[in-house]
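Chain A is the first sequence line, chain B the second, and so forth, proteins listed ahead of strands; every chain is numbered from 1.
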Number of protein chains: 2
Amino acid sequence: MTDGGFPRYSPRMDLVLHTYWRSSAAWRVRTALALKGLQWEAAPHNLRTNEQTAPDYVARNPQGLVPALEVDGAVLTQSLAIIEYLEERFPEPPLLPADPLERARVRAFALAVACDIHPVQNLRVLRMLRARGLDQAAVDGWAREVIEGGLEACSRLIADRSGPYCFGESITLADITLIPQLANARRFGARIDYPRLEAIEVAALAHPAFAASRPDAQADADPA
Amino acid sequence: MTDGGFPRYSPRMDLVLHTYWRSSAAWRVRTALALKGLQWEAAPHNLRTNEQTAPDYVARNPQGLVPALEVDGAVLTQSLAIIEYLEERFPEPPLLPADPLERARVRAFALAVACDIHPVQNLRVLRMLRARGLDQAAVDGWAREVIEGGLEACSRLIADRSGPYCFGESITLADITLIPQLANARRFGARIDYPRLEAIEVAALAHPAFAASRPDAQADADPA
């Protein structure tokens with residue numbers, strides 16, 4: 001059974017995604033859910049007003065971060081762990097290649113974003129920098145430095161690859177992490193002069209799964 | 001076939017680990033290799049003198065980070081991606097539980113360390129802070145703040161668990177990431193008043209795999 005070109009599961013389970021429209025990590029999970037054709041209910045938390053630190057949410061996710069995915073009431077946290085869970089439970093379409101070396105390379109690309117770029121430029125760190133007395137220009141410069149160095153490494157990790165997506169003809173976990181990071185790059189005015197990364201972004205954003213998962217398509221979006 | 005209580009593989013492959021004795025992420029991979037009973041050759045890179053930025057190494061690992069694992073010449077990067085590869089190729093002993101929800105929880109714990117603590121307190125970020133004019137005391141305070149908040153969340157992620165290790169009777173990926181992070185906590189004088197985490201550390205460091213992988217047991221160790 002397909003819908004919009006990808007299979008649709010009808011699991012006997014309730015999926016509730018704790019999300020925030022502009023969270024990169026929540027965007028990753030939204031994309032994976034869309035690719036797997038899974039229906040979910042949104043529980044939005046406004047990070048700008050620190051709603052994710054409310055006691056009833058922290059009781060569910062001790063890190064006080066989004067995303068978290070409730071699966072029949074069981075709470076899963078950390079975007080990449082959630083996506084690996086979805087991959088194991090709902091294998092089609094695969095978000096990781098079959099070959100172990102290739103799986104390792106896709107995961108490494110995703111971790112290069114999820115460990116070495118995103119956490120070092122996210123809201124929490126930028127707030128810590130402001131608390132140390134750095135002004136907004138210096139904080140934005142920090143984010144740009146982290147993003148630009150990280151994207152350069154990412155572009156080199158896939159320098160020997162071709163095709164519309166990071167690792168070829170199919171969307172993988174690599175694309176799922178790259179696209180939100182490129183959006184962050186634009187928000188901070190970081191230099192993106194990597195034609196291949198930009199071409200991947202164009203291809204991805206034209207796909208219905210990314211169109212459905214992008215921040216400005218979320219019910220809690222507040223562009224103001 | 002067992003040796004020291006864990007199985008030993010004799011793969012027809014050459015494993016070369018690009019490492020640095022004090023790197024938390026390299027320590028994770030060393031522990032996984034020891035648990036799987038795999039033999040490897042060390043290629044050390046001194047991070048203090050930026051040896052990991054040498055052109056011949058960056059040609060292999062564009063991120064210019066350790067660890068990287070060469071498998072018959074194929075270079076794998078990012079500690080968690082390398083460990084997932086080892087888990088897929090050499091399943092015994094398992095470093096992840098069998099149940100999908102439990103696998104997700106172990107991975108989430110590991111990512112809570114590998115994304116939300118370690119990259120925000122590592123050498124690269126501390127150098128960036130120094131370059132912004134923060135003095136050494138302020139930089140150390142930054143590291144302590146990140147580590148203390150992170151360890152508190154980690155302790156709550158396993159608050160309903162018991163047993164010698166994070167998730168029970170067996171060493172998992174969670175322990176593999178926690179132990180190096182606790183060592184970092186001690187280096188920065190961070191508060192560790194989580195009896196369960198400390199008990200896990202005692203149990204882990206008494207295990208031969210951690211004894212073999214710990215920083216001061218490495219050939220490139222330079223305590224001076």
Side-chain angles (χ1 to χ4, degrees), chain A residues 25 58-59 61-65 68-69 71 74-86 88-89 96 100-101 103-112 114-120 122 124-125 128-129 131-134 138 141-142 145-146 149-150 152-159, chain B residues 25 58-59 61-65 68-69 71 74-86 88-89 96 100-101 103-112 114-120 122 124-125 128-129 131-134 138 141-142 145-146 149-150 152-159:
Chain A
V58 174
N61 180 0
Q63 285 201 279
L65 299 173
L69 183 68
V71 180
V75 182
L76 300 183
T77 64
Q78 285 286 341
S79 62
L80 297 189
I82 294 168
I83 294 171
E84 294 270 1
Y85 170 83
L86 295 173
E88 292 177 355
R89 289 295 308 272
L96 292 170
L101 280 174
R103 293 166 74 81
R105 292 198 177 102
V106 170
R107 285 185 173 122
F109 185 101
L111 289 162
C115 294
D116 294 325
I117 306 179
H118 180 246
V120 191
N122 71 3
R124 173 177 71 129
V125 164
M128 286 178 68
L129 291 169
R132 264 72 178 177
L134 272 70
W142 171 288
E145 179 179 333
V146 169
E152 184 189 355
C154 284
S155 77
R156 295 173 63 187
L157 285 171
I158 53 172
Chain B
V58 175
N61 179 0
Q63 285 200 278
L65 299 174
L69 182 68
V71 180
V75 182
L76 300 183
T77 64
Q78 286 287 341
S79 61
L80 297 189
I82 294 169
I83 294 171
E84 294 271 1
Y85 170 83
L86 295 174
E88 292 176 355
R89 288 296 306 273
L96 292 170
L101 279 174
R103 293 166 74 81
R105 292 199 178 102
V106 170
R107 284 185 172 123
F109 185 101
L111 290 162
C115 293
D116 295 324
I117 306 179
H118 180 244
V120 191
N122 70 4
R124 173 177 71 129
V125 164
M128 286 178 68
L129 291 169
R132 265 70 178 180
L134 272 69
W142 171 288
E145 178 180 333
V146 169
E152 184 189 355
C154 284
S155 77
R156 294 172 62 186
L157 284 172
I158 54 172

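Interface remark: of the candidates A/Val125, A/Leu129, A/Asp116, A/Leu157, A/Asp116 forms the most heavy-atom pairs closer than 4.5 Å to chain B. Listed options A/Gly141, A/Gly133, A/Ala74, A/Ala112 were ranked by heavy-atom pairs under 4.5 angstrom with chain B; first place goes to A/Ala112. Ranked by non-hydrogen atom pairs under 4.5 Å with chain A, the options B/Gly64, B/Cys115, B/Ala153 are led by B/Cys115.
In this structure, the side chains of B/Leu65 and B/Arg124 stay at 4.5 Å or more apart for every pair of heavy atoms. Looking only at side-chain heavy atoms (C-beta outward), A/Leu80 and A/Arg107 stay at 4.5 Å or farther from each other.
Proximity to chain B (any heavy atom under 4.5 Å) is shown, for A/Gln63, by both the backbone and the side chain. In this structure, chain B has heavy atoms under 4.5 Å from both the backbone and the side chain of A/Val58.
A/Pro62 and B/Arg156 get closest at one heavy-atom pair: CB-CB, 3.6 Å.
Residues satisfying the side chain to side chain donor-acceptor pair (under 3.5 Å) criterion with A/Glu145, sequence neighbours excluded, are B/Arg132. The side-chain contact (heavy atoms from CB on, under 4.5 Å) search around B/Leu76 returns A/Leu101, A/Ala104, A/Arg105, B/Val71, B/Ile82, B/Tyr85, not counting sequence neighbours.
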